[in-house]
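Following: one structure in C-alpha cells, then a few remarks.
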Amino acid sequence: MNEKIEYILNQLTDKELAYFFKFKVPTYVKTTQTDILKYIEYKRKLTKSQLFSLINKKDEITSDKEFLICKRCGSDKMFAYDVK
C-alpha cells in the first residue's frame, strides 16, 4: 500500500473512514480501492456492514472548533493531497 494513503487512513476515525469509504474510495483506481478495502478489513478490522452502520447512525454534530466541520461525519480534518 502507498505510504501516503496509509498515513491518511490512519488519521481518520472509524466514522470518518466510513464516509471516506462511501464517497471517496470509488473515485480511486481499482488497485488503490483494493488496497484501501484491505486496510479497512485487516488493519481496522471493520466490515462493510459496520461501515454502513456508522454512516446510518445519526449523531448530533457539534464542535467547539472555530472552523467549519463536515456536516456528514463531523470531521474537522482537511486533507489536500495528491496520490500517485
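FYI, the numbering just counts along the sequence from 1.
Legend: residues meeting salt bridge (charged side-chain N to carboxylate O under 4.0 Å, His left out) with Glu6, ordered by chain and number and at least two apart, are Lys43. Legend: residues meeting side chain to side chain donor-acceptor pair (under 3.5 Å) with Gln50, ordered by chain and number and at least two apart, are Thr47.
Note that the CZ atom of Phe21 and the CG atom of Leu9 stand 12.5 Å from one another [nearest 0.5 Å]. Rounded to the nearest 0.5 angstrom, Gln33 CD and Thr27 OG1 are separated by 8.0 Å. We find the NZ-CG distance between Lys30 and Leu37 to be 9.0 Å, quoted to the nearest 0.5 Å.
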Next on the checklist: Does Lys24 form a side chain to side chain contact (heavy atoms under 4.5 Å, CB included) with Tyr19? I'd like the steps, not just the answer.
Outcome noted: CA-CA 8 Å; Lys24 195 67 178 162; Tyr19 279 91; over 6 Å; no

Next on the checklist: Walk me through whether Thr13 and Glu16 qualify under side chain to side chain contact (heavy atoms under 4.5 Å, CB included).
Outcome noted: CA-CA 5 Å; Thr13 65; Glu16 291 167 340; 3.2 Å; yes

Checklist entry - Do Asn10 and Tyr39 pass the side chain to side chain contact (heavy atoms under 4.5 Å, CB included) test, and can you show the C-alpha distance, the side-chain angles, and the key distance before you say yes or no? => result CA-CA 10 Å; Asn10 285 333; Tyr39 169 88; 2.6 Å; yes

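The shortest distance between side-chain heavy atoms of Arg44 and Asp14 falls below 4.5 Å. Using a 4.5 Å cut-off on side-chain heavy atoms (C-beta onward), Lys48 and Ile40 make no contact. Two residues are said to be in side-chain contact when any heavy atoms from C-beta on lie closer than 4.5 Å; Asp35 and Ile5 fail this criterion. Taking the side chain as every heavy atom from C-beta outward, Thr32 and Asn2 never approach each other to under 4.5 Å.
Using bins of under 30°, 30° to 60° and over 60° for the plane-to-plane angle, the ring pair Tyr28/Phe20 lands in the tilted bin.
Side chain of Lys22 to backbone of Leu17: no donor-acceptor contact under 3.5 angstrom is found.
Across all non-hydrogen atoms, the minimal contact from Leu54 to Ala18 is CB-CB, 4.0 Å.
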